[in-house]
There are 2 protein chains.
Amino acid sequence: MAEDISRFDICPCAVTISLLDSKWKILILRELLQGPKRYGELKKGVVGVSQKMLTQSLKEMQADQLVDRKVYPEVPPHVEYSLSSLGQSLYPVAEALENWGIAFIKNSDPDYLAKRFNIHEPGKHWLRIPDRSKE
Amino acid sequence: MAEDISRFDICPCAVTISLLDSKWKILILRELLQGPKRYGELKKGVVGVSQKMLTQSLKEMQADQLVDRKVYPEVPPHVEYSLSSLGQSLYPVAEALENWGIAFIKNSDPDYLAKRFNIHEPGKHWLRIPDRSKE
DNA sequence: CAGGATCCTTACGGATACTG
DNA sequence: CAGTATCCGTAAGGATCCTG
């Protein structure tokens with residue numbers, strides 16, 4: 001089974017990270033793990049993202065088959081984004097990232113964290129991924 | 001317990017990704033999961049990395065407490081890098097990333113993958129993380 | 001409402017040359 | 001051997017203005 005992918009000669013870890021690089025995609029993923037959302041909702045949910053980056057990230061995630069885009073032929077326009085089944089399958093990955101991140105944050109010096117992640121302004125509510133363990 | 005980190009107002013997933021962003025760090029992590037390595041060994045193991053990026057990545061990983069650096073006072077110089085316990089704790093994360101990456105690669109169009117990840121030159125042996133499940 | 005199109009700045013990262 | 005220092009091109013990403 002490992003042979004099937006060996007010809008690609010590429011690190012699967014790096015692939016996964018590549019698909020999620022730029023914090024915006026992670027935050028978009030987090031939003032969409034809560035269910036389908038409209039463009040405007042994502043814009044508000046992913047605090048700090050520019051229109052350009054949101055659009056661009058969503059396009060890339062569509063190209064990567066992680067996100068589905070549904071257009072409702074209405075006026076004014078109504079576009080809904082949701083996770084594909086592939087996108088949904090990222091849940092365990094997000095969970096692993098979150099668990100490790102929580103432990104890291106707890107064990108790190110607050111001042112270091114603040115500098116490392118440019119946290120000057122509080123209130124940006126970088127929420128956590130939704131908890132599905134009880135569902 | 002969630003309250004302990006709530007004041008940081010930051011997404012743990014994004015934190016974890018941030019620490020691993022740039023493919024080089026992932027590949028360095030992969031190398032060091034195999035055990036301590038010297039600078040030159042890493043340079044060879046992480047195929048394609050420039051000296052600048054290797055040094056820079058290692059410095060950041062040290063600052064993030066992921067990597068330990070040990071200098072042997074010899075001539076010629078002998079420096080050994082290894083994962084800290086914090087770095088070692090990334091193993092489950094790497095595993096999750098790898099498992100998802102393998103599935104993604106298997107289910108993706110080879111041509112798309114080649115374009116998406118700029119795979120023109122084969123033989124760069126982006127190996128996978130070491131298997132510890134049988135240890 | 002959901003974007004497209006531009007401009008512009010910065011910082012990432014490669015190549016090269018040098019050092020204790 | 002294990003780096004440091006410098007130059008430099010590219011491209012990521014923010015800000016702004018416009019549109020179906």
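Reminder, nothing fancy here: chain letters follow the sequence lines and each chain counts from 1. Reckoned from all heavy atoms, side chains included, excluding hydrogens, waters and symmetry mates.
The distance from atom CG of Leu58(A) to atom P of dG4(C) is 10 Å, rounded to the nearest whole Å. The interatomic distance linking Leu54(A) (CG) with dA12(D) (P) rounds to 17 Å, in whole Å. Atoms NZ (Lys43(B)) and C1' (dC1(D)) sit 13 Å apart, rounded to a whole Å.
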Notebook entry, point to check: Quick one: what's the B/S/- string for nucleotides 7-20 of chain C, heavy-atom cutoff under 4.0 Å, read 5' to 3'?
Noted result: B-----BBBB---B

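Side-chain nitrogen and oxygen atoms of Arg38(B) include at least one within less than 4.0 Å of the OP1 or OP2 phosphate oxygen of dA2(D). Contact between the side-chain N/O atoms of Tyr81(A) and the OP1/OP2 oxygens of dC1(C) is not found at any separation under 4.0 Å. Dashed line: the shortest gap from a side-chain N or O of Lys44(B) to OP1 or OP2 of dA2(D) is not under 4.0 Å.
The two atoms that bring Ser108(B) and Leu113(B) nearest to each other are CB-CG, 3.8 Å, heavy atoms only. Taking every heavy atom of both residues into account, Val47(A) and Trp24(A) meet most closely at O-CZ3, 3.9 Å. Closest heavy-atom contact between Leu27(A) and Cys11(B): CD2-CB, 3.8 Å. The two residues Ala96(A) and Val93(B) come nearest to each other via the heavy atoms O-CG2, 3.7 Å. Looking at every heavy atom in both residues, Ile26(A) comes nearest to Ala14(B) through CG2-N, 4.1 Å. The shortest heavy-atom contact between Leu29(A) and Met61(A) is N-CE, 4.4 Å.
Taken together through direct or relayed side-chain contacts under 4.5 Å among Ile, Leu, Val, Met, Phe, Trp and Tyr, Tyr72(A) and Leu42(A) form parts of separate hydrophobic clusters.
Under 4.0 Å is where a charged nitrogen must lie from a carboxylate oxygen, and between Glu80(B) and Lys70(B) no such pair does. Salt bridge present: Lys25(B) and Glu60(B) bring a charged side-chain N and a carboxylate O closer than 4.0 Å.
In this structure, Cys13(A) SG and Arg30(B) CZ are separated by 8.5 Å, a value rounded to the nearest 0.5 Å.
Rounded to 10 degrees, the angle separating the terminal axes of the helix from dC1(C)-dG20(D) to dG20(C)-dC1(D) is 50°, with each axis obtained from five end pairs.
Of the residues in residues 61-75 of chain B, Arg69(B) come within less than 4.0 Å of DNA chain D through at least one heavy atom, sorted by number.
In this structure, the side chains of Phe104(A) and Gln65(B) stay at 4.5 Å or more apart for every pair of heavy atoms.
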